[in-house]
Amino acid sequence: MSDPRIAIVGATGAVGGVTLDILRERAFPVGGLRLTASARSVGRTLTFAGEEIAVEETAPAVFDDCDLAFISATDAVSRDMALAAKERGCVVVDDSGVWRMEPDVPLVIPEVNAADVDAHRGILAIPNCAATPIVLALDALRRASPIRRVIAATYQSVSGAGAAAVAELDEQSRALLAGGEARPERRPQIAFNLLPRIGSFRDNGYTSEETKVLHETRKILHEPNLPLSATCVRVPVPVCHSAAVNIEFERPVSPDEARSLLAAHPGVAVVDDPESDAYPMPADCAGRDDVFVGRVREDSALPNGLALWIVADNLRKGAATNAVQVAEEIVRRSAWLRAGV
Ligand SMILES: NC(=O)c1ccc[n+]([C@@H]2O[C@H](COP(=O)([O-])OP(=O)(O)OC[C@H]3O[C@@H](n4cnc5c(N)ncnc54)[C@H](OP(=O)(O)O)[C@@H]3O)[C@@H](O)[C@H]2O)c1
């Protein structure tokens, strides 16, 4: 087929803007581009490949002349617009949590389960931005030994909550440094603080974010019973999610073997030289596509255990880069929507 005609829904948002960058950086074939957002953004223009493109209000008719849609807006928009696009023969790569666990929706990290793309029926999903880096590291390490259990604590940047949250961190930090008050409006104060709740609480005490990390990791790895416990924390960092992860294996895995497997895995880079103080940090990993792993060591509490530290740019590999890579797989496999599905 000729180059796909593309819609980006939520083009004015944190992920939508980076999706435009990634399409250009990876020279994705673009046969046409429609950019949509809420009615608030009508009148704005965005630039792609030197061309000014007017932002349109999101509506089903946008998909009439599109082959592929990236949806990065709200859950409600994803729920309605993914179906509207699919009905019009347009394949959807969705960034929200709405579709990920549906049985007929592939949840894909191309370096881990690219073949799952073939099973799509019009909608594909990318994982939660906290899950993606952890899954990539686990996929590398399970080549040494089956995994018995995983315990993760995440340190998630404010851009994971969208562009408005980044602006809030900026405003609150400036106000507090000037001797004023943070005046949080929509969520608890984030400047100079940590929020041990992302999403809503479930009956079992875990949050929706922590539950996503559990279920999405199992689905992508095809390990439906993998024991995993996550604690997800919002931290006052603009970009990049980090995680401290402790893994128990069935057999011993040495730190050296783990570093080799991680370094050999596509999409993973090892930064681990304690003697020269080299380990991944958000300020260094922002704007990069790899998932960075360091601080690899024997876990002193878990039998056959390893402890490690992971950092990845949540707007790139955690969202836009992964979504564009999924679209590349669709193109490569000619996995377009078949009539009648
Ligand atoms: N941020 C991350 O790290 C990350 C990672 C993985 C997945 N995701 C997912 O990606 C999606 C977008 O996240 P984000 O961080 O980019 O959020 P964001 O910065 O708040 O952007 C939201 C986008 O959605 C648009 N929008 C809001 N309400 C709308 C409506 N009623 N109709 C049409 N468009 C509407 C906004 O348009 P206006 O500018 O006109 O308001 C904006 O373009 C979410 O589903 C999120 O869960 C985010």
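Counting convention: from 1, in listed order, for ligands and their atoms alike. Note that these values count all heavy atoms, side chains included, but never hydrogens, waters or copies made by symmetry.
When only non-hydrogen protein atoms are considered, atom 1 (N) of ligand 1 lies nearest to S159 O, 2.8 Å. Remark: minimum distance from atom 41 (O) of ligand 1 to any protein heavy atom is reached at R40 NH2, 2.8 Å. Given atom 15 (O) of ligand 1, the protein heavy atom at minimum distance is G162 CA, 3.2 Å. For atom 8 (N) of ligand 1, the nearest protein heavy atom (residue, atom name, distance) is D95 O, 3.9 Å. Annotation: atom 6 (C) of ligand 1 to nearest protein heavy atom, G318 O, 3.4 Å. Ranking protein heavy atoms by distance to atom 37 (O) of ligand 1, first place goes to T12 OG1, 3.2 Å. When only non-hydrogen protein atoms are considered, atom 31 (N) of ligand 1 lies nearest to V77 CG2, 3.9 Å. Regarding atom 4 (C) of ligand 1, its nearest protein heavy-atom neighbour is V15 CG2, 3.6 Å.
Of the listed residues (N246, L138, L141, V213), just one forms a side chain to side chain contact (heavy atoms under 4.5 Å, CB included) with V150, and that residue is L138.
Residue A319 approaches ligand 1 through these ligand atoms, each under 4.0 Å from one of its heavy atoms: 5 (C), 6 (C). Near T58, meaning under 4.0 Å from any of its heavy atoms, are these atoms of ligand 1: 33 (C), 34 (N). Distances below 4.0 Å separate heavy atoms of L315 from the following atoms of ligand 1: 1 (N), 2 (C), 3 (O). Atoms of ligand 1 found under 4.0 Å from any heavy atom of T74, numbered from 1 in the order shown, are 27 (C), 28 (N). Which parts of ligand 1 touch S96 is read off a 4.0 Å heavy-atom cut-off, strictly below it: atoms 45 (O).
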From CA spacing to verdict: side chain to side chain donor-acceptor pair (under 3.5 Å), N113, H222
CA-CA 9 Å; N113 61 335; H222 299 172; 4.6 Å; no

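Put simply, I53 and F70 are part of the same group of oily side chains (I, L, V, M, F, W, Y) that touch within less than 4.5 Å, one to the next. Hydrophobic clustering places V92 together with F63 (ILVMFWY residues linked when any side-chain heavy atoms are closer than 4.5 Å, directly or through intermediates). Linking Ile, Leu, Val, Met, Phe, Trp and Tyr residues whenever their side-chain heavy atoms come within less than 4.5 Å leaves V166 and V237 in two separate clusters.
Applying the side chain to side chain contact (heavy atoms under 4.5 Å, CB included) criterion to D256, with sequence neighbours excluded, gives S254, R259.
Residue-environment remark: CZ (R202) exceeds the threshold of 12 foreign heavy atoms within 6.0 Å. Counted within 6.0 Å of CD on E102, heavy atoms from surrounding residues, nucleotides or ligands total more than 12; the atom is thus considered enclosed. Within a 6.0 Å sphere centred on CD of E181, other residues, nucleotides and ligands contribute 12 heavy atoms or fewer.
On a distance-only criterion, S41 and ligand 1 share at least one N/O pair closer than 3.5 Å. On a distance-only criterion, H241 and ligand 1 share no N/O pair closer than 3.5 Å. The shortest N or O to N or O distance between I126 and ligand 1 is not under 3.5 Å. The distance criterion of under 3.5 Å between nitrogen or oxygen atoms is met by N314 with respect to ligand 1. On a distance-only criterion, S38 and ligand 1 share at least one N/O pair closer than 3.5 Å.
Taking the charged nitrogens against the carboxylate oxygens, D289 and K317 have no contact shorter than 4.0 Å, which rules out a salt bridge. Ion pairing of E257 with R251 is absent here, as no side-chain N (NZ or NE/NH1/NH2) approaches a carboxylate O to less than 4.0 Å.
Across the listed options G13, A73, C240, G10, A73 owns the non-hydrogen atom lying nearest to atom 12 (C) of ligand 1.
Using a 3.5 Å distance cut-off with no hydrogens or angles, the side chains of N314 and Q156 do not pair a donor with an acceptor.
Between G160 and ligand 1 there is a heavy-atom distance shorter than 4.0 Å.
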